[in-house]
Amino acid sequence: MNDEQFRHLQGIVLKSPLLSPVLHNWDKVALPGAWLVAGAIAQTVWNHTFGLPPAHGINDIDIVYYDANDLSEDGEAEHAARVRRAFSDLPVWIDVKNEARVHLWYAGKFGYPIKPYTSTTDAIATFPTTATAVGVRGSGSLELCAPFGLSDLLGGVVRPNKRQIRREIYEQKVSRWIKVWPGLGVVGWV
């Protein structure tokens with residue numbers, strides 16, 4: 001990844017009517033190791049790339065954090081409710097997840113266990129595609145987590161990240177995305 005790519009991404013997300021309010025008020029998130037991640041970033045970039053309205057196809061905003069001292073579902077729910085209240089004027093759902101507790105429910109949802117994550121950046125590196133394995137945080141000058149770089153994201157390429165997901169999950173996501181963003185270049189599971 002190079003500085004020019006990061007500046008380009010920063011320019012796109014800071015103009016987004018959905019992401020910019022969160023990033024400009026990042027102090028309201030106030031969670032350890034927190035990042036704004038995944039689909040909302042990728043979809044904002046795809047909307048920019050394909051000349052679509054900024055919020056086109058975006059159903060939610062994902063914020064992840066890491067708190068190994070509170071693995072309770074209630075603690076996560078309380079943080080999520082607080083963050084949603086702080087950004088209640090946004091027209092999308094804000095999903096807040098403690099990555100320290102994902103291993104506790106993952107097998108029940110996806111059918112196979114995973115090892116506990118060691119940090120939010122560890123979790124981001126397992127996200128289903130190289131284009132969605134990205135996080136930003138801060139206000140003004142952003143901090144970036146992009147374990148696979150930004151080339152796929154900025155190039156409209158969807159490529160599987162096979163570190164954790166299975167083919168079915170990848171293909172379900174791709175099936176939805178190509179209907180909403182038909183210009184995407186999709187790399188098959190192979």
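All of these numbers come straight from a predicted model, not from anything done at the bench.
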Going from CG on Asp3 to CG on Leu144, what distance comes out if it is rounded to the nearest 0.5 angstrom? 10.5 Å
Close side-chain approach of Leu52 and Trp181, heavy atoms under 4.5 Å: yes
Quick check against the 3.5 Å criterion: does Thr49 have a side-chain atom that pairs as donor or acceptor with the backbone of Val45? yes
Begin with the C-alpha distance, continue with both residues' side-chain angles, and end with the deciding distance and a verdict on side-chain contact (heavy atoms from CB on, under 4.5 Å) for Leu18 and Ile61. CA-CA 8 Å; Leu18 297 177; Ile61 294 172; 4.2 Å; yes
Any ring pair (Phe, Tyr, Trp, His ring centres under 6.0 Å) pairs touching residues 146-174, not counting sequence neighbours? Tyr170-Trp189
Can you tell me how far OG1 of Thr126 sits from CZ of Arg163, rounded to the nearest 0.5 angstrom? 6.0 Å
Here the gap from Leu9 atom CG to Gln5 atom CD, rounded to the nearest 0.5 Å, amounts to 9.5 Å
With heavy-atom distances below 4.5 Å as the criterion, would you say the side chains of His103 and Lys115 are in contact? no
Show the nearest heavy-atom pair for residues Arg84 and Val96, with the distance to one decimal. NH2-N, 4.4 Å
Counting C-beta onward and ignoring hydrogens, is there a side-chain heavy-atom pair between Leu36 and Asp62 closer than 4.5 Å? no
Taking C-beta and beyond as the side chain, do Gln172 and Trp177 meet within less than 4.5 Å on heavy atoms? no
Kindly say whether Ile94 contributes a backbone atom to a donor-acceptor pair with the side chain of Asp60 at under 3.5 angstrom? no
For residues Trp93 and Asn59, determine if any side-chain heavy atom of one lies less than 4.5 Å from a side-chain heavy atom of the other. no
How far does CD of Glu73 sit from CD of Glu76, to the nearest 0.5 angstrom? 7.0 Å
Answer whether the closest heavy-atom distance between the side chains of Thr44 and Pro54 falls below 4.5 Å. no
Trace of the side-chain contact (heavy atoms from CB on, under 4.5 Å) decision for Leu142 with Phe6: CA-CA 9 Å; Leu142 300 180; Phe6 179 48; 4.1 Å; yes
Give me each pair satisfying salt bridge (charged side-chain N to carboxylate O under 4.0 Å, His left out) with a member in residues 90-100, each pair once, sequence neighbours excluded. Asp95-Lys97
Give me the atom names and distance for the closest heavy-atom approach of His48 to Ile12. CD2-CD1, 3.4 Å
Any donor-acceptor pair under 3.5 Å from Asp152 side chain to Ala131 backbone: no
Taking the side chain from Thr120 and the backbone from Gly33, do they hold a donor-acceptor pair closer than 3.5 Å? yes
Minimum-distance pair of heavy atoms, taken over all atoms of Leu14 and His24: CD2-NE2, 4.0 Å
With side-chain contact (heavy atoms from CB on, under 4.5 Å) as the test, pick out the partner of Val22 among Val136, Val83, Ile63. Ile63
Other ILVMFWY residues reachable from Trp35 by side-chain steps of under 4.5 Å: Val37, Val64, Ile124, Phe127
Relative to the ring of Tyr106, is the ring of Tyr112 parallel (under 30°), tilted (30 to 60°) or perpendicular (over 60°)? perpendicular
Mark yes or no for whether Asn25, through its side chain, and Lys28, through its backbone, hold a donor-acceptor pair below 3.5 Å. no
Find out whether Val174 and Leu184 are in side-chain contact, i.e. whether some heavy atom of one side chain is under 4.5 Å from a heavy atom of the other. no
Please find the pair of heavy atoms, one from Ala133 and one from Pro147, that lie closest to each other, and give the distance. O-CD, 3.3 Å
Within the supplied structure, the quantity of interest is the number of heavy atoms (other residues, nucleotides, ligands) at a distance under 6.0 Å from Glu143 CD; does it exceed 12? yes
When rounded to the nearest 0.5 angstrom, what is the spacing between CG in Leu154 and NE2 in His8? 5.5 Å
Got Pro160 and Val187 here, is their nearest side-chain heavy-atom distance under 4.5 Å? yes
Are side-chain N/O atoms of Ser72 and Asp74 paired as donor and acceptor at under 3.5 Å? no
Atom NZ of residue position Lys15 - does it have more than 12 heavy atoms of other residues, nucleotides or ligands inside 6.0 Å? no
Is a salt bridge present between Glu78 and Arg82, judged by a nitrogen-to-oxygen distance below 4.0 Å? no
Val102 and Tyr117: side-chain contact (heavy atoms from CB on, under 4.5 Å), yes or no, with the steps? CA-CA 8 Å; Val102 171; Tyr117 296 129; 3.9 Å; yes
What heavy-atom pair brings Asn161 and Ile165 nearest, and what distance separates the two atoms? O-CG1, 3.5 Å
Give the C-alpha distance, both sets of side-chain angles, the deciding distance and a yes or no for side-chain contact (heavy atoms from CB on, under 4.5 Å) between Val180 and Phe50. CA-CA 11 Å; Val180 182; Phe50 301 123; over 6 Å; no
Compare every heavy atom of Arg137 with every heavy atom of Ala34, then report the nearest pair and how far apart it is. O-CD, 3.0 Å
Where the side chain of Tyr66 meets the backbone of Leu31, is there a donor-acceptor pair that is under 3.5 Å apart? no
Keeping the roles fixed (side chain from Ser20, backbone from Pro17), state whether a donor-acceptor pair exists under 3.5 Å. no
Cys145 SG to Asp122 CG distance, which is reported to the nearest 0.5 Å: 10.0 Å
